[in-house]
2 protein chains.
Amino acid sequence: MRVADGMTIGEAASRSGVPRKTIRFYEDIGLIEPAKRFANRYRRYDGHDVQTLRFIHRARNLGFSIGEVGELLALYRDRRRASSDVKRLALAHVERLDRKIAELTAVRNTIADLARRCRGDHRPECPIIEELEAPAK
Amino acid sequence: MRVADGMTIGEAASRSGVPRKTIRFYEDIGLIEPAKRFANRYRRYDGHDVQTLRFIHRARNLGFSIGEVGELLALYRDRRRASSDVKRLALAHVERLDRKIAELTAVRNTIADLARRCRGDHRPECPIIEELEAPAK
DNA sequence: CTTGACCTTCCACCCGCTGGATGGCCTATA
DNA sequence: TATAGGCCATCCAGCGGGTGGAAGGTCAAG
């Protein structure tokens, strides 16, 4: 497999950061094109494929869904794209994140407050359990 | 089914806030005991069961995993519990939430910053795509 | 010639539900 | 009494986004 014209899935995985299994998974669901193959049927990747995988990896790390990553990939490949399309996706994602952060923060504060009021000793009295049993307000 | 001694799953669902399907699911996975049955094999619930379902509902809404809800339920039922056990679960959850919130906030700020620097017009230039292509630093 | 590191496919599992198919039960109305 | 509807039952499949394992092919080194 030490050929000049491409690398196997393992090398593409280590160069891109996307695990082998996940690369095959992305192929299965159609996020990436089916890979070319070597004569022995091993998948073959080139530098361009690795670049695409890195792009996907970063977009996923930023929390874009696979569907959105597909859209971003299409825009990435479209030289005539309007940056407004990219920005729209990004701002929608920021809004989603803001909602999620607000939700988690509210929950976090609720629990932290209950915990603060719980003595945490050998006795059973505990505002946390009481709140779950019958919430105040 | 208009009997004095219990209610069907639909009524338990609407009184507790846990959907019917979810109640059966909780039974399947052993989070709650298998329900008693009416003569016609319909599941039968009483006020105590509804209270348990409400407890579960609230704990889930606070983001505790099903496993943790199981632990909380056991502590809830244990009159001799030490409040320290409950507090430990709660504080572990707060830590998890803090980590998640920090992570989401970092991602949120990254994307918001990229979006701010993107003109969002008809032209293709876009720092968001550029960052995904090859991240700065 | 064997070992071990790759690679292949396929199938099952994780979490926490949710929806659908198919059929039984019960009550009200025509 | 027949039927319509609204419950209920079970079982199976799927969501998102992978991950792990089994069974087997391929290759280079020792």
**Request:** Can you run down the salt bridge (Lys or Arg N to Asp or Glu O under 4.0 Å) pairs that involve residues 110-128 of chain B, sequence neighbours left out, and say none if there aren't any?
**Result:** Asp113(B)-Arg116(B), Asp113(B)-Arg117(B), Arg119(B)-Asp121(B), Asp121(B)-Arg123(B)
**Asked** Looking only at side-chain N and O atoms, does Arg43(A) come under 4.0 Å of OP1 or OP2 in dT26(D)?
**Response** no
**Rounded interatomic separation in angstrom, taking CZ from Phe38(A) and P from dT8(C)** = 10 Å
**Evaluation steps, side chain to side chain contact (heavy atoms under 4.5 Å, CB included), between Leu75(B) and Leu89(B)** = CA-CA 11 Å; Leu75(B) 291 168; Leu89(B) 277 174; 4.0 Å; yes
**Request:** Mind listing the residues from residues 10-32 of chain A sitting with a heavy atom below 4.0 Å of DNA chain D? Number order is fine.
**Result:** Pro19(A), Lys21(A), Thr22(A), Phe25(A), Tyr26(A)
**Request:** Taking salt bridge (Lys or Arg N to Asp or Glu O under 4.0 Å) as the test, write out the residues that go with Asp78(B), two or more places apart.
**Result:** none
**Prompt:** Which of residues 51-61 of chain A have a heavy atom under 4.0 Å from DNA chain C?
**Reply:** none
**Non-neighbouring partners of Glu130(A) that pass salt bridge (Lys or Arg N to Asp or Glu O under 4.0 Å), sequence neighbours left out** = none
**Prompt:** Partners of Arg79(B) by salt bridge (Lys or Arg N to Asp or Glu O under 4.0 Å), sequence neighbours excluded?
**Reply:** none
**Fill in**
Here the ring-ring contact (aromatic ring centres under 6.0 Å, His included) pairs for residues 68-88 of chain B, sequence neighbours left out, are Phe55(B)-Tyr76(B)
**Message:** Rounded at 0.5 Å granularity, tell me how far CG in Leu97(A) sits from OG1 in Thr110(B).
**Reply:** 10.0 Å
Just list the side-chain donor-acceptor pairs under 3.5 Å for residues 56-67 of chain A, sequence neighbours left out, or say none.
unit_1, atom_1, unit_2, atom_2, d
Arg58(A), NH1, Leu132(B), O, 2.7
Arg58(A), NH1, Glu133(B), O, 2.8
Arg60(A), NH1, Phe64(A), O, 2.5
Ser65(A), OG, Gly67(A), N, 3.4
Ser65(A), OG, Glu68(A), N, 3.2
Ser65(A), OG, Glu68(A), OE1, 3.4

**Message:** What is the distance, to the nearest angstrom, from the CZ atom on Arg44(A) to the C1' atom on dT8(C)?
**Reply:** 17 Å
**Prompt:** When you measure from every atom of DNA chain D, which of residues 88-101 of chain A have a heavy atom less than 4.0 Å away?
**Reply:** none
**Request:** Kindly write out the residues that satisfy salt bridge (Lys or Arg N to Asp or Glu O under 4.0 Å) with Arg88(B), not counting sequence neighbours, or none if the list is empty.
**Result:** Asp85(B)
**Request:** Send over the distance from Ile66(A) CD1 to dT19(D) P, rounded to a whole Å.
**Result:** 10 Å
**Asked** Taking only N and O in the side chain of Asn40(A), is any of them less than 4.0 Å away from OP1 or OP2 of dC27(D)?
**Response** yes
Kindly list each side-chain donor-acceptor pair under 3.5 angstrom involving residues 23-33 of chain B, sequence neighbours excluded, with atom names and distances?
unit_1, atom_1, unit_2, atom_2, d
Glu27(B), OE1, Ala35(B), N, 3.3
Glu27(B), OE1, Arg43(B), NE, 3.0

**Message:** Using whole Å, what does the distance between atom C1' of nucleotide dG16(C) and atom CG of Leu62(B) come to?
**Reply:** 17 Å
**Pairwise 5' ranking along DNA chain C for Ala39(B) and Gly67(B), keeping only the more 5' one** = Gly67(B)
**Prompt:** Would you say Thr8(A) reaches dC7(C)'s phosphate, i.e. side-chain N/O to OP1/OP2 under 4.0 Å?
**Reply:** yes
**Results of side chain to side chain contact (heavy atoms under 4.5 Å, CB included) for Glu11(B) - residues two or more places apart only** = Met7(B), Thr8(B), Arg15(B)
**Request:** Round to the nearest Å and state the distance from Phe64(B) atom CZ to dC15(C) atom P.
**Result:** 18 Å
**Nearest-angstrom distance from the residue atom CZ of Arg37(A) to C1' of dT26(D)** = 14 Å
**Request:** Nearest whole angstrom, please: distance from the P of dC6(C) to the CE of Met7(A).
**Result:** 16 Å
